[in-house]
Protein chains: 2
Amino acid sequence: MVRADAQRNINAIATAAVDCLSRDPDASVADIAKAAGVGRVTLYGHFPSRADLVDAAFARAIEDGDALLGAVDLDGDPRAALTRLVDASWELVNRFRSLLLAAQHTLPPGRIQALHEGPADRMRRLLERGRAEGVFRTDLPTSWLISTMQHVMHGAADEINAGRLDARDAARYISTTVLAALTPPAV
Amino acid sequence: MVRADAQRNINAIATAAVDCLSRDPDASVADIAKAAGVGRVTLYGHFPSRADLVDAAFARAIEDGDALLGAVDLDGDPRAALTRLVDASWELVNRFRSLLLAAQHTLPPGRIQALHEGPADRMRRLLERGRAEGVFRTDLPTSWLISTMQHVMHGAADEINAGRLDARDAARYISTTVLAALTPPAV
DNA sequence: TCTTTGTTGAACACCGCTGTACGAGTTACT
DNA sequence: AGTAACTCGTACAGCGGTGTTCAACAAAGA
């Protein structure tokens, strides 16, 4: 029988993990336990290793983020819809940038990709609709276009972090750039 | 008096550092010393700390790379010139991707940017010429466009590393995408 | 109430890394 | 040939992290 008490702690730990790792990708297990208001040993009782903890945190961030993305209206003009989706995605990428770093050198290769399947699918569907309507280019693979968008956002986060970009400009720059990259080349 | 012997070792160490860190961003000082065919103590004799070593390796990579970039013909049609420059840059970014990672969490903030000044300037000049000729867009800051190019390349390297992108396609995808991002929006 | 499930801090072993010290040996330069 | 510069291996201290053990204690749930 799983005690309600324990369940609450598991939850608090996962929340704290998302929080800490979003601030410092190298946050230690001790830091996270303290932030969760829990002993380090208790934490190990629920998450056998640091990797399990990072995995849980990342999965939770994706899940929560995907829920937000689900509220975005993807109907109507594909270009406008894409702008909306990119804006919402950017918000998330920016928030969880540091957590992604942690995941990148903790989780086994492919795991991150696997967890991203939900959000990526949403983007892919929109992209393909736009292509079918002749609004988006078809001379590059969908997967490349998606990863490009991701990396432009990721890059913007870097620039903000380095103080070379004003956070208020980012959303506009990103959607403008991404739209241009998706536009079919003039013949 | 600096002995020729020592100078040769310093060189071998720097070379080995570039080499090792380009393969594994977390390569230890011991690894690098071994690769240089030198005792760990000898290494510390020339580079007081790991950070100094990473700095030297990164600076050398930039210097060597910038020399290659200097050979690229930047005259004529800006779009063609940019394609040539991006292709050459991509080669370098791809090769030193891992070294950049090492630099990122070893060197003080701003140091990487400072070392990139040479290459960035070359790109900036070309970009501005293209803008003056009406070939490149002017509704986004030059700095943003440059960083976008960098991040698209960086992202491509990631994709290759993850096995989701064929290295042979990369150059074409990148220059196509980058050119599209630089094209002035249709009115 | 009473048993099962959780929690706790302190202590410990372990790991790999960085950086230092030492003493003996080797090599370049004059 | 002689001196200063350099190199070597080994050994050590320190650090910060991970993961485990233990023994005492607290609380949920039937």
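Quick note on labels: first sequence line is chain A, next is B, and so on, each numbered from 1.
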With sequence neighbours left out, the residues meeting ring-ring contact (aromatic ring centres under 6.0 Å, His included) with B/H46 are none
All pairs passing salt bridge (Lys or Arg N to Asp or Glu O under 4.0 Å) where residues 86-101 of chain A contributes a residue, at least two apart
A/E91-A/R95, A/R97-A/D158
Donor-acceptor side-chain pairing of B/R131 and B/T142 below 3.5 angstrom
yes
Just the rounded figure in Å: distance from P of D/dT18 to NE2 of A/H105.
11 Å
Identify, with sequence neighbours excluded, every residue that meets side-chain hydrogen bond (donor to acceptor under 3.5 Å, both in side chains) alongside B/D52.
B/S49
Which residues within residues 12-31 of chain A lie with some heavy atom under 4.0 Å of an atom in DNA chain C?
none
With sequence neighbours left out, what residues match B/E128 under side-chain hydrogen bond (donor to acceptor under 3.5 Å, both in side chains)?
none
Flag if over 12 foreign heavy atoms under 6.0 Å of CD, A/E133:
yes
Test of understanding: with ring-ring contact (aromatic ring centres under 6.0 Å, His included), list the residues that count as partners of B/Y173, not counting sequence neighbours.
A/W144
Output a table of donor-acceptor pairs, distance under 3.5 Å, between side-chain atoms of residues 36-45 of chain B and any protein atom two or more places apart or on a different chain; print 'none' if there are none.
none

Using a 4.0 Å cut-off on heavy atoms, which residues in residues 32-52 of chain B reach DNA chain C? List them by number, or say none.
B/R40, B/V41, B/Y44, B/S49, B/R50
Contact letters for nucleotides 25-30 of chain C, in which S counts primed atoms plus P, OP1 and OP2 and B counts the base, heavy atoms under 4.0 Å:
--BSS-
Taking atom types as modelled, is there a side-chain donor on A/R84 or A/S175 under 3.5 Å from an acceptor on the other?
no
Considering residues at least two apart in sequence or located in another chain, which fulfil the side-chain hydrogen bond (donor to acceptor under 3.5 Å, both in side chains) criterion with B/D19?
B/R23
Identify the pairs formed between an N or O of the protein and an N or O of nucleotides 23-25 of chain D at a distance under 3.5 Å, and give each distance.
none

For D/dC6, take OP1 and OP2 only and decide whether either is under 4.0 Å from a side-chain N or O of B/N9.
no
Non-neighbouring partners of A/W90 that pass ring-ring contact (aromatic ring centres under 6.0 Å, His included), sequence neighbours left out
none
Polar side chain donor-acceptor pair, A/R60 to A/T15, under 3.5 angstrom:
yes
Can a side-chain donor-acceptor contact be found between B/T176 and A/R137 if the only test is distance below 3.5 angstrom?
no
